[in-house]
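Quick notes on the structure that follows.
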2 protein chains.
Amino acid sequence: MKDPLLDYPGYSLRRAAGAVMTRLIARLEPLGLRFVDSSAMLMIEANPRITASQLGRMLDIQRANMVPLVNRLEAEGWIERAPLDGKSHSLALTAAGKAKLAEARRVIAETEAELIARVPAEHRAHLKPALDALWR
Amino acid sequence: MKDPLLDYPGYSLRRAAGAVMTRLIARLEPLGLRFVDSSAMLMIEANPRITASQLGRMLDIQRANMVPLVNRLEAEGWIERAPLDGKSHSLALTAAGKAKLAEARRVIAETEAELIARVPAEHRAHLKPALDALWR
DNA sequence: TATTGTTATACTCTATAACTATA
DNA sequence: TATAGTTATAGAGTATAACAATA
């Protein structure tokens, strides 16, 4: 069976991203976390008092779609909102959120390590700069 | 604003794939094609008389989700079904399908060329082998 | 005027379970 | 028994439009 799609780097990119994401999502699921939850919590930890709109811009998530996400993180007790001014709220991790993020960071590190290990050594250093050129 | 996600190759992989797919989808849309339509038609062209189930396995699409896809391609007049045996049907491109695929191939080639052009020359040859190691 | 947070909504993609008919 | 095609359905993820309150 011929597979003409294998000639396209763009197709390899899509399939590789899908495979890696599937592995990561499967590992986050037992922690009660979606991929986007872990991304958001990493970003909130690094930027305390960030707002939902700022967070959405950095993660490339629409403002409207941030609402259920932030609501869920708050309902789980992982983040807290505090009024910044009359219309904005700042987000910060709670103690429970920091503990949950520590768990998430372990499975993320494990998945990233596997990713690197899969790439033949002679290509390894080239992967991230090549990828970053495609979207940054 | 700090962005800890930039340290993760897996995150770069996801964002790069998203960016490239967004560009390709935007170019296929005026042709009345979804990404999966163009993938399926390339595969059918290269493998005349392939069945929907075989196609699904190669594209990593569930058998059940092939039904509306194949129905749509047939309704557009781009593919034809022919009974293979009592339970299977073979798929093949029609003349209209081949013409549409020629259009699709042009925008795909254009998008792939841009992808390559974006990657700094010293990393180019490493990208596809690195990506393929992640899913094949 | 622009931005934040929000509600409502719709569409695509994907996953699962179940059924029929045929190999 | 395993596979092909199919139906129905549900859950994610994502996009758009609109609104009130505030900067």
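Proteins get letters first, then strands, A, B, ... in listed order; numbering begins at 1 in each.
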Take atom [atom1] of [X] and atom [atom2] of [N], then tell me their distance rounded to the nearest Å.
{"X": "B/L69", "N": "D/dA4", "atom1": "CG", "atom2": "C1'", "value": "16 Å"}
{"X": "A/M66", "N": "D/dA15", "atom1": "CE", "atom2": "C1'", "value": "15 Å"}
{"X": "B/N65", "N": "D/dA12", "atom1": "CG", "atom2": "P", "value": "16 Å"}
{"X": "A/L84", "N": "D/dA21", "atom1": "CG", "atom2": "C1'", "value": "16 Å"}
{"X": "B/R63", "N": "D/dT6", "atom1": "CZ", "atom2": "P", "value": "11 Å"}
{"X": "A/H89", "N": "D/dA23", "atom1": "NE2", "atom2": "C1'", "value": "14 Å"}

On DNA chain C, nearest-nucleotide positions of A/N71 versus A/Q54: which is more 5'?
A/Q54

First of A/G86 and A/P68 reached from the 5' end of DNA chain D, by closest nucleotide
A/P68

Taking for each residue the nucleotide of DNA chain D with the nearest heavy atom, is it A/I61 or B/V67 whose nucleotide lies nearer the 5' end?
B/V67

Salt-bridge criterion met for [X] and [Y] (N-O under 4.0 Å):
{"X": "B/E110", "Y": "B/R27", "answer": "yes"}
{"X": "B/R81", "Y": "B/E74", "answer": "yes"}
{"X": "A/E103", "Y": "A/K100", "answer": "yes"}

I'd like the 5' and 3' limits of the part of DNA chain C contacted by chain B, with heavy-atom contacts below 4.0 Å.
C/dC13 to C/dA23

Is the shortest side-chain heavy-atom distance between B/L5 and A/M58 below 4.5 Å?
no

Answer yes or no: is there a side-chain heavy-atom contact under 4.5 Å between A/L91 and A/T51?
no

Mind checking if A/A52 touches a base, just sugar-phosphate, or nothing, with heavy atoms under 4.0 Å?
sugar-phosphate

So does B/R57 get a side-chain nitrogen or oxygen closer than 4.0 Å to the phosphate oxygens (OP1/OP2) of D/dA4?
yes

Pairs where residues 122-131 of chain A contributes a residue and the test salt bridge (charged side-chain N to carboxylate O under 4.0 Å, His left out) is met, not counting sequence neighbours:
A/K128-A/D132

Taking the minimum atom-to-atom distance to the side chain of A/Q62, which one of D/dA15, D/dA4, D/dT6 wins?
D/dA15

Between atom CG of A/N47 and atom OG of A/S90, what is the distance when rounded to the nearest 0.5 Å?
12.0 Å

Hphob cluster co-occupancy, A/L13 + A/L6, side-chain heavy atoms under 4.5 angstrom:
no

Same cluster or not: A/L84 versus A/V67, using hydrophobic residues (I, L, V, M, F, W, Y) connected whenever any side-chain heavy atoms lie under 4.5 Å apart?
no

Where along residues 11-39 of chain B does a heavy atom come under 4.0 Å from DNA chain D, residue by residue in number order?
B/R14

